[in-house]
Structures are given as structure tokens and as C-alpha cells.
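To start, the structure itself, in C-alpha cells.
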Protein chains: 2
Amino acid sequence: MLGGATADWQSKRRESARREILSAAWDVARENGLAALTLREVAARVGMRAPSLYSHFSSKNAIYDAMFGQAWRSYEEMTAGAVLPAQPRAALRAMAKRFFEFAVADLPRNQLMNQRTIPGFTPSPESYAPAVRVIERLRSDMTRMGIADDGDVDLFIALVGGLADAQWANDPGGTRYARLLDRAVDMYADALHLPQVDDDQEET
Amino acid sequence: MLGGATADWQSKRRESARREILSAAWDVARENGLAALTLREVAARVGMRAPSLYSHFSSKNAIYDAMFGQAWRSYEEMTAGAVLPAQPRAALRAMAKRFFEFAVADLPRNQLMNQRTIPGFTPSPESYAPAVRVIERLRSDMTRMGIADDGDVDLFIALVGGLADAQWANDPGGTRYARLLDRAVDMYADALHLPQVDDDQEET
DNA sequence: GTCTATAGTTTGATAGAC
DNA sequence: GTCTATCAAACTATAGAC
């Protein structure tokens, strides 16, 4: 009994230490750039020396990997609780806004989730799993609103992701591409003949 | 006379040495990743030692900068000679295909042109100039086909760029997003009420 | 213009004391 | 689990001989 409680307490400590390290890693990545992350800098922020990090992560890439998993899990949690509007167009708008704002809120996070910025880093299957679940969830949500074609789903993701990436590349911190989001979604919805209002009026 | 000819010959040699170095730099970037570029490796490929590169470039970032300029100038040259179809939809398709294929043909080039991958690197005004010219040219081409709104132009770029980035991130070397290109362009053209054929038939 | 030599850092990672 | 010590390597960049 006592042994079990101790083990539990220890694993909780370990978990919280890992979280602290990752939080510091995010800070460093935001300040110096994702590729400029160094173990010394991360360690310093949590009051440690670089070698101590190896008690919690087996390598630098393991830190990137954990960050990757954290990013997608946090997006997954954000979408898990949310309810989508019943009307397909409104639902698409909400989904697009959610994804766009998440991508635009944090550059290194977006680079990690949606680009291949770090040479030699590939996410592990465990860290990739939440990303897969998010896409599956998106796919089923869109199926429910009548969008079943895989290509149409891919196009939606590319459309919203493209706006987010363009926002970062050409107008970081601005709203030049954010303003186009609803226009883009409507364009997409029109092309798929989604009903304008609640009624199910099909075009001929 | 003779001095002038000698100077000319020397500057030609210098220029070709720079080109060789940059060509090696592209090779290294493609093999090891853009951010993993090192002066030693680049120098070795041209049969030099790292310090010798400083006779041609003032710093590592100056090499990135020259690569950035080279990438956009090469795209500019590619588009300069090309003639666009008279029909707006066909022209849009051609422009999209051209941009997409260029982006998908070379990962580090695309990262350099359209993302902010290298911490601390910002293109110089001289290297940025061809990028500006390309966008201006695109804008005027689109104006000529009746697309004058800046937002509409931005949306087109983001749409095509988003497909290219998604291709790299989710299906590198494949055709999953390339297949969606025409569908995306048609969707865009429909939203802007571009004529289906040569005639100028407006929707009510 | 290229070299050697080297400065001066910085890096990721390991060994072993405590 | 954190530390010191340290490795071994890599890095960008400079100085100065040739």
C-alpha cells in the first residue's frame, strides 16, 4: 500500500517535471526559433543543467517529439468539448476559424505540426497518434454534413492551412489572411453545393 | 583596354565561383535539410576549405540570402517567357500549376521562399526584390482577367500555396494534393463568376 | 583567392560522484 | 535525479602566410 502510494507520487513528480521542461522548451522555441532550441537554454529555464534533462528525455529529438504530441493533443482536447453548429456552412466556418486561430497563435507549434522544419526529426507513432485522431474526427464530422469525398476533406484542410501559413509568411501578427477566412469557406461551401440556410435545397 | 578585359574576366570567374558555391549549397540543403547547412560541407563539395567561402560570401546568412534571391529570380525567369491562355480559367489553371509544381519540386527552396524556417535569417531588400516583382506581375495578370481585388489575389496564392505545403507535409513525393489543383482553381473561378467558356456570360 | 592555423563558441551527449 | 566534469565534435569566423 505504502509502496504503491510512493510510486504514484513519484510518477506524478516525474510527469510534472516533464511538463515543466516542455513548457520551457516552448518558450525557447517561441523566442529563438524552433530550430534554435538548445538543451542548455531549456535546462537553464527550469533551473537545471543540460545533462539533467537526460533523466527525463532520451535525446533532443525526444523533446521535439513530445512537443509534437503535446501540440496535437492540445488541439484534440480543444475540439473534443466543442459543439459544432447544426448548419453545415456555419459548422465549416467554425471549424476553419478554430484551426486557423490555433495555427496562427504559435509559430513554432505550427511549424512542428504542419511543416517539416527540423532536419532529421520525424514524429514517433505515439506522438503522431493524436494527429491521426484529429483528422479522423474531422473526416467524420464532415461526412455527417454530407462531405464524404476524401479529396474534398483534403482540400478543406489545405485551404485553411494555406491561409494560416500565408498569414505567418507574409503578414505575421496581422489580419490580412484572417479576413479572407469566411470568404474562402463560403467559396468552398458553394462549390460543394451546401445549402445556404437550414433547408436542404439542392441545386439542379 | 587590356586592364578592362582582365577585370571583366576576373569578375566572370568570381561570378561563376559564387554560382558553384550556391549550387553546392542547394545540394547540401536538399540532402541534409535547409537548416542543417554547414559551411564545411558546402566548401568540401566545391573542393575548398570553409574559410575560403568568405572570399565569396560575407557570412552563412549571406549564402541563405543569395539562395533566396536565386530561387525567386529563377521563378521570375520561368514566368517571364511563358504566355498565358487567353481564357481566364485556363490562365488561372496554368498559373496555379506552374506555382504548385515549382513549390513541390524542391523542399528547401520552398521553405526558403514561402516559410520562415531559419531562425535569425531575413532576406535582404535586394534578394526580396524579385519576389516583389513576381507578386506584382501576378497581380497585374489577374487584374487583366478581371480579378482586381487584393483579397482575391491573396486568396488565390494562399489556396495554391496551401496545397503545395500540404503536399510536402502529408504526402511528399506523391500526388494526393496535386490531383486537387484543378478542382481548387475551378472552385475559385466559380466563386469569382469567371466565364465558363470564352463568352462573357455573367450570372444574375 | 585559397590555404593553414586557430580562436572562440556552442553543441549534444556520457561518466561517475553524490 | 541532479550535479560536475568533460568529451568529442561541430560550428562560424578571423588572421596571416603564400
Side-chain angles (χ1 to χ4, degrees), chain A residues 3 6-25 27-29 31-68 108 117-122 124, chain B residues 3 6-25 27-29 31-68 108 117-122 124:
Chain A
T6 304
D8 193 45
W9 177 81
Q10 279 178 341
S11 87
K12 276 222 164 74
R13 279 289 302 163
R14 263 190 79 76
E15 200 41 52
S16 103
R18 272 178 67 99
R19 255 200 304 274
E20 264 185 76
I21 290 166
L22 290 179
S23 168
D27 288 344
V28 175
E31 288 172 34
N32 302 348
L34 183 67
L37 193 81
T38 68
L39 298 182
R40 279 173 156 77
E41 179 72 19
V42 171
R45 305 243 177 166
V46 294
M48 278 184 183
R49 309 289 182 158
S52 304
L53 298 181
Y54 285 86
S55 301
H56 301 277
F57 296 93
S58 64
S59 71
K60 186 186 178 182
N61 270 0
I63 295 183
Y64 279 132
D65 195 53
M67 292 169 80
F68 181 93
T117 296
I118 306 296
F121 166 67
T122 316
S124 66
Chain B
T6 305
D8 193 44
W9 176 82
Q10 279 178 342
S11 87
K12 276 222 165 70
R13 280 287 303 160
R14 264 191 77 78
E15 199 42 52
S16 103
R18 273 178 66 100
R19 255 200 305 274
E20 264 185 76
I21 291 167
L22 290 179
S23 168
D27 288 343
V28 175
E31 289 173 33
N32 302 348
L34 183 67
L37 193 81
T38 68
L39 297 183
R40 277 173 154 78
E41 180 72 20
V42 172
R45 306 244 176 164
V46 294
M48 277 183 183
R49 309 288 181 157
S52 305
L53 298 181
Y54 286 86
S55 301
H56 302 277
F57 295 94
S58 63
S59 71
K60 186 186 178 182
N61 269 1
I63 294 183
Y64 279 131
D65 195 52
M67 293 168 80
F68 180 93
T117 295
I118 306 297
F121 166 66
T122 315
S124 65

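Here is the naming used below: chain letters follow the sequence lines, and residue numbers restart at 1 for every chain. Side-chain atoms are counted along with the backbone in the values below, which use heavy atoms only and exclude waters and symmetry mates. Everything numeric here is computed off the predicted structure, so don't read it as measured data.
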Any side-chain to backbone donor/acceptor pair from A:Tyr64 onto A:Leu34? Under 3.5 Å, distance only.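 Here the side-chain-to-backbone pair exists.
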Under the 3.5 angstrom rule, does the side chain of A:Arg18 hit a backbone N or O of A:His56 as a donor-acceptor pair?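 Indeed, once roles are kept as given, a pair shorter than 3.5 Å links the two residues.
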Of the listed nucleotides C:dG12, C:dC3, D:dC3, the one nearest the side chain of A:Lys60: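 Nearest to the side chain of A:Lys60 among the choices is C:dG12.
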Nucleotide nearest A:His56 (side chain, heavy atoms from C-beta), chosen from C:dC3, D:dG1, D:dT2: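 Given the options C:dC3, D:dG1, D:dT2, the side chain of A:His56 is closest to D:dT2.
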In whole Å, I'd like the distance from the [atom1] atom of [X] to the [atom2] atom of [N].
X        : N      : atom1 : atom2 : value
B:Tyr54  : C:dA7  : OH    : C1'   : 13 Å
A:Ile118 : C:dG12 : CD1   : C1'   : 15 Å
A:Phe57  : C:dG12 : CZ    : P     : 15 Å
A:Met48  : D:dG1  : CE    : C1'   : 8 Å
A:Ile63  : C:dG12 : CD1   : C1'   : 11 Å
B:Leu53  : D:dT12 : CG    : P     : 10 Å

Output, in order, the C-alpha distance, side-chain angles, deciding distance and verdict of side-chain contact (heavy atoms from CB on, under 4.5 Å) for A:Ile63 and A:Leu39. CA-CA 9 Å; A:Ile63 295 183; A:Leu39 298 182; 3.8 Å; yes
Identify the heavy atoms of [X] and [Y] that sit nearest to each other, and give their distance.
X       : Y       : answer
B:Ala62 : B:Phe57 : O-CD2, 4.0 Å
B:Ala25 : B:Val42 : CA-CG2, 3.9 Å
A:Val28 : A:Glu41 : CG2-CG, 3.5 Å

To the nearest 0.5 Å, what is the distance between [atom1] ([X]) and [atom2] ([Y])?
X       : Y       : atom1 : atom2 : answer
A:Asp27 : A:Leu37 : CG    : CG    : 10.5 Å
B:Tyr54 : B:Ser59 : OH    : OG    : 7.0 Å
A:Thr38 : A:Asn32 : OG1   : CG    : 7.5 Å

Could you run down nucleotides 4-9 of chain D 5' to 3' and tag each one B, S or - for protein heavy-atom contact under 4.0 Å? BB----
Counting only non-hydrogen atoms, which of residues 32-39 of chain A are less than 4.0 Å from DNA chain D?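 Heavy-atom cutoff 4.0 Å gives no residues at all.
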